[in-house]
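Scope of the values below: all heavy atoms of this structure, side chains included, with no hydrogens, waters or symmetry mates.
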Amino acid sequence: MTTFSVIVTALDAQGYLRECLDSALGLPAEGVEVIAVDNGSTDATRAIVDEYAERDERVHAVHLPKPLTNGAARAVAAKQAKGDYLLFIDGRDCLTDGALAALGRRIAETGEPDAVVFDHVRSHWWNDAIASGDGRLFIAPGREVFSVYQQPETLHLTPTLSNRVLRADFYEAHRELFDKDEYAEVLPAIGSLLAADRIAILDKVCLRRREPETPVRERGQFNLFDQYDALWELLGSRSVLPEHRAIVFSGMIRRYLKVLTVPGLDEREQAAFFHRASEHFLRYKPNDYQRPSNLNGVRHAMLERDSYSGYRALQSANRKRRTVRTLAVKAKRKAADLAKESAYREQLRHPLEEDLAVFSAYWDRGVACSPAAISAKLAELAPNIRQVWVVRRADVPLVPAGVDYVVPGSRRYWSVMARAKYLVNNVNFPDSVTKRPGQIHVQTHHGTPLKRMGTDQIPFPATSRGVDYEALLERCARWDYSVSANSHSTETWERAYPVPFTSLDYGYPRNDVYYTATAEDVLRIRERLGIAPGRKALLYAPTHRDYEADWKPRLDLERMARNLGEDFVLLVRGHYFYDRGLSPLEELHRRGLIIDVSRYDSVEELGLASDALITDYSSVMFDYANLDRPIVVFADDWETYSVTRGVYFDLTELSPGAVGRSQEEVERLFLDGGWRDEHATAKRAEFRRKFCDFDDGHAAERVVRHVFLGQANVPPVIPLEERTPAPAPEVAARLVADNAR
């Protein structure tokens with residue numbers, strides 16, 4: 001039986017690593033070990049590697065103190081490998097179902113070849129199954145074992161080590177090919193094919209290879225010259241045909257020309273690279289070389305003549321032609337935008353105001369959520385920074401006294417948006433807002449994701465159809481910081497929004513109050529809401545359904561109020577997406593059957609006032625879990641919701657408490673005590689461990705100190721077992737009564 005060592009190298013791959021490791025561990029193949037290399041990561045990659053190693057004996061953790069090149073990181077892991085064959089993949093990639101089993105069968109039927117090459121698909125946020133382009137190369141070799149000297153076209157295969165397995169002793173015998181791969185895997189990928197005497201093809205997609213989502217400035221491009229020198233030396237030691245040399249040469253020049261287009265190369269670096277590429281062109285040009293007849297042939301000519309000035313002139317001319325075409329298409333839209341935002345454009349000419357911060361929440365609905373908590377802490381710790389809130393005209397009457405605000409679209413609005421050093425929001429600012437150099441955007445989000453978000457939603461067209469994901473990512477690309485409440489969110493935001501940002505794993509500032517509120521605060525809020533002493537207040541806070549245009553409570557609230565009796569009172573909060581159409585609640589509120597809190601500003605205060613939460617799939621459950629109070633999940637349409645909207649985990653399994661699949665079950669839970677029995681309490685404890693790891697009452701302080709005050713060392717997160725949430729209403733009443741004695 002063939003054994004495999006799957007070597008996973010991961011550098012800051014927290015958003016993808018679980019899927020990668022699960023794909024390797026879930027494959028139906030015996031004799032598999034996974035060596036997971038944390039390549040000097042600065043995110044949660046290390047913790048994820050340790051987590052998997054602790055729970056599965058097939059996983060071996062390797063931690064490197066600082067990032068190494070991929071080849072060096074692989075070499076460290078390969079020394080520990082015990083498998084007959086080695087498979088090298090990145091922590092952002094994942095194997096397909098049945099991959100190792102199919103590879104094992106192919107190895108057995110071909111007599112243990114040096115390498116087995118397989119097909120793969122490329123994955124981007126907009127499409128996770130883009131054909132590799134290698135499929136045509138699998139036809140000619142057929143089922144027989146071969147070498148590239150018999151099948152030269154094989155050298156056109158995508159140059160990566162991830163699309164093959166290598167026999168362990170073959171890898172060891174040719175170690176010099178595998179360690180030098182800074183910037184690109186040219187030498188190990190092409191070199192291993194040239195060095196192998198026996199290659200087999202598996203015409204099956206075994207890997208989903210994730211491509212970089214954003215252009216990243218890569219260093220080490222000059223290392224390519226050393227790699228190609230080694231490749232040409234290897235070619236010189238073998239009996240090769242002119243066809244082999246032509247394929248390697250054309251690939252080399254194509255790659256050099258591509259490097260010259262990488263964003264961020266300055267003029268000096270680009271010129272130096274061009275001259276080195278020209279040297280290689282002349283040194284390795286095949287005798288029967290023929291220049292391409294298209295525009296690329298002109299670039300070849302520039303390299304052959306070492307004419308960097310000519311190359312630059314050609315590129316400039318091409319850019320101008322593209323610009324003319326683009327301007328013709330965009331002229332009408334740009335004219336309209338300029339007219340609309342002329343005041344803004346004028347303000348952009350002014351310098352940034354280092355002491356100005358702009359806040360917004362829920363599409364300018366008012367002072368709320370985590371931006372409000374950060375705003376309050378900023379006023380306390382840095383009162384020198386002026387604050388301005390963006391508030392819709394309809395919500396201006398609700399702005400607290402003393403809060404400075406602007407209305408969207410007003411002249412002052414454009415002024416503060418252009419000049420503010422800091423911009424804080426729990427959603428994205430409009431497309432019309434330009435990210436200026438020096439501006440700092442803080443994205444606080446407004447919930448922990450159960451439902452699929454961002455580009456993770458693409459496979460669910462019922463709810464994502466019509467979404468312009470490119471425009472979405474352009475908005476997200478303005479983020480400097482993303483505030484996270486838990487590890488699950490940190491990993492999800494990185495994958496769902498594949499743009500560069502720094503994750504602040506500090507907790508949600510809006511949840512600070514769940515640890516700072518006093519017994520007096522709890523009772524004061526209950527009195528304000530009209531909750532009679534001694535009654536159990538149940539907060540019912542459902543989310544919206546993308547497949548429902550209007551909101552109608554899925555619970556028969558009148559029936560539930562009557563069945564639960566005077567011991568309970570229902571606080572009902574409709575989702576903010578449904579500002580209109582809440583008449584069913586208004587009528588029940590007027591009759592005294594429920595308390596309609598849909599327009600109550602602070603959901604955090606509603607949490608403090610309640611004895612338990614009833615919800616379906618709303619993110620409020622993750623926040624409420626910080627209070628360590630009972631939660632009941634009403635999941636009557638879970639199958640429909642999970643399939644149409646897409647979810648990250650099965651809430652009926654990993655629930656924060658008891659689950660009711662019908663109204664009868666929900667009512668029975670409260671009448672029989674199941675809402676807070678041992679089983680429900682154990683489920684809540686497990687949920688809190690997973691989703692309350694950062695919230696401890698000091699999130700806003702950490703954000704302010706890091707972002708606004710520039711302090712590197714912020715207060716550490718208090719361990720979950722050492723935190724004390726705000727007292728539940730029953731406990732609060734007892735504490736206040738004791739203090740009054």
Above 12 or not: heavy atoms from other molecules or residues under 6.0 Å from [atom1] of [X]?
{"X": "E520", "atom1": "CD", "value": "yes"}
{"X": "N713", "atom1": "CG", "value": "no"}
{"X": "R411", "atom1": "CZ", "value": "no"}
{"X": "R386", "atom1": "CZ", "value": "yes"}

To check you understand the geometry: which heavy-atom pair defines the closest contact between [X] and [Y], and what is its length?
{"X": "P542", "Y": "T615", "answer": "CA-OG1, 4.3 Å"}
{"X": "A361", "Y": "G366", "answer": "CB-O, 3.7 Å"}
{"X": "V433", "Y": "R478", "answer": "O-NH1, 2.7 Å"}
{"X": "L348", "Y": "A418", "answer": "CD2-CB, 3.7 Å"}
{"X": "G438", "Y": "L352", "answer": "C-CD1, 3.6 Å"}
{"X": "V703", "Y": "Y506", "answer": "N-CD1, 3.8 Å"}

Taking ring pair (Phe, Tyr, Trp, His ring centres under 6.0 Å) as the definition, give me every residue that meets it alongside H445, ordered by chain and number, with sequence neighbours left out. W479, W493

State which residues pass ring pair (Phe, Tyr, Trp, His ring centres under 6.0 Å) with Y508; sequence neighbours excluded, sorted by chain then number. none

Contacts satisfying salt bridge (Lys or Arg N to Asp or Glu O under 4.0 Å) that involve residues 440-449 (not counting sequence neighbours) are none

Nearest 0.5 Å, please: how far is [atom2] in [Y] from [atom1] in [X]?
{"X": "Y624", "Y": "S619", "atom1": "OH", "atom2": "OG", "result": "15.0 Å"}
{"X": "Y540", "Y": "D616", "atom1": "OH", "atom2": "CG", "result": "6.0 Å"}
{"X": "E354", "Y": "I385", "atom1": "CD", "atom2": "CD1", "result": "9.5 Å"}
{"X": "H698", "Y": "R723", "atom1": "NE2", "atom2": "CZ", "result": "9.5 Å"}
{"X": "R349", "Y": "Y344", "atom1": "CZ", "atom2": "OH", "result": "13.0 Å"}
{"X": "C476", "Y": "Q443", "atom1": "SG", "atom2": "CD", "result": "7.0 Å"}

I'd like to know if the side chain of [X] and the backbone of [Y] have a donor-acceptor N/O pair within less than 3.5 Å.
{"X": "E491", "Y": "H488", "result": "no"}
{"X": "R688", "Y": "A625", "result": "yes"}
{"X": "D468", "Y": "A471", "result": "yes"}
{"X": "S410", "Y": "Y413", "result": "yes"}
{"X": "S618", "Y": "T543", "result": "no"}

What donor-acceptor contacts under 3.5 angstrom involve side-chain atoms of residues 367-381, with partners at least two apart or in another chain?
residue: S370; atom: OG; partner: R510; partner atom: N; Å: 3.2
residue: S375; atom: OG; partner: Q387; partner atom: OE1; Å: 2.2
residue: K377; atom: NZ; partner: E380; partner atom: OE1; Å: 3.2

Using a distance-only test with no angle check, is there a side-chain donor-acceptor pair under 3.5 angstrom linking [X] and [Y]?
{"X": "N384", "Y": "D355", "result": "no"}
{"X": "D693", "Y": "N486", "result": "no"}
{"X": "R452", "Y": "Q457", "result": "no"}
{"X": "T516", "Y": "D512", "result": "no"}
{"X": "T490", "Y": "S484", "result": "yes"}

Are the side chains of [Y] and [X] in contact, using a 4.5 Å heavy-atom criterion?
{"X": "V442", "Y": "T444", "result": "yes"}
{"X": "L538", "Y": "V569", "result": "no"}
{"X": "K421", "Y": "E353", "result": "no"}
{"X": "R629", "Y": "L613", "result": "no"}
{"X": "V597", "Y": "H589", "result": "no"}
{"X": "T644", "Y": "F460", "result": "no"}
{"X": "W638", "Y": "D650", "result": "yes"}
{"X": "N626", "Y": "N511", "result": "yes"}

Are Y405 and W389 near enough that their ring centres are under 6.0 Å apart?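 That pair fails the under 6.0 Å test.
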
Measuring centre to centre across the rings, with the benzene-like ring taken for any Trp, is H441 within less than 6.0 Å of Y481?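 Ring centroids of H441 and Y481 are no less than 6.0 Å from each other.
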
Might you work through the side chain to side chain donor-acceptor pair (under 3.5 Å) test for Y600 and R528, ending with a clear yes or no? CA-CA 11 Å; Y600 194 89; R528 186 186 308 145; 2.9 Å; yes

Run the side chain to side chain contact (heavy atoms under 4.5 Å, CB included) test on L557 and L570 for me, step by step, so that the C-alpha distance in whole Å, both residues' side-chain angles and the decisive distance to 0.1 Å come before the verdict. CA-CA 8 Å; L557 297 173; L570 294 173; 4.3 Å; yes

State which residue, out of Y617, F694, F687, fulfils the ring pair (Phe, Tyr, Trp, His ring centres under 6.0 Å) condition with F622.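 Checked Y617, F694, F687 against F622; only one passes ring pair (Phe, Tyr, Trp, His ring centres under 6.0 Å): F687.
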
With sequence neighbours excluded, what pairs up with T45 under the side-chain hydrogen bond (donor to acceptor under 3.5 Å, both in side chains) test?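 For T45 the side-chain hydrogen bond (donor to acceptor under 3.5 Å, both in side chains) partners, ignoring immediate neighbours, are D43.
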
Given side chain to side chain contact (heavy atoms under 4.5 Å, CB included), test Y515 with I718 step by step and report yes or no. CA-CA 11 Å; Y515 293 95; I718 299 171; over 6 Å; no

Identify every side-chain donor-acceptor pair in residues 495-503 under 3.5 Å, counting partners at least two apart or on other chains, and give the distances.
residue: R495; atom: NE; partner: D456; partner atom: OD2; Å: 3.3
residue: R495; atom: NH1; partner: G15; partner atom: O; Å: 2.4
residue: S503; atom: OG; partner: D505; partner atom: OD1; Å: 2.7

Verdict with reasoning, R526 to D611, per side chain to side chain contact (heavy atoms under 4.5 Å, CB included): CA-CA 11 Å; R526 284 172 66 90; D611 295 87; 3.2 Å; yes

Please assess D480 against K435 for the test salt bridge (Lys or Arg N to Asp or Glu O under 4.0 Å), listing each intermediate value before the final yes or no. CA-CA 10 Å; D480 292 287; K435 172 70 179 296; 2.9 Å; yes

Given the rule in the salt bridge (Lys or Arg N to Asp or Glu O under 4.0 Å) test, do E19 and R92 qualify, once you have shown the distances and angles that lead to the verdict? CA-CA 8 Å; E19 183 182 14; R92 289 173 169 78; over 6 Å; no

Looking at D696 and R702, is any side-chain nitrogen of the basic one under 4.0 Å from a carboxylate oxygen of the acidic one?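 Yes, this pair counts.
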
Mind running side chain to side chain contact (heavy atoms under 4.5 Å, CB included) on V390 and F359 for me, showing each step along the way? CA-CA 6 Å; V390 182; F359 290 84; over 6 Å; no

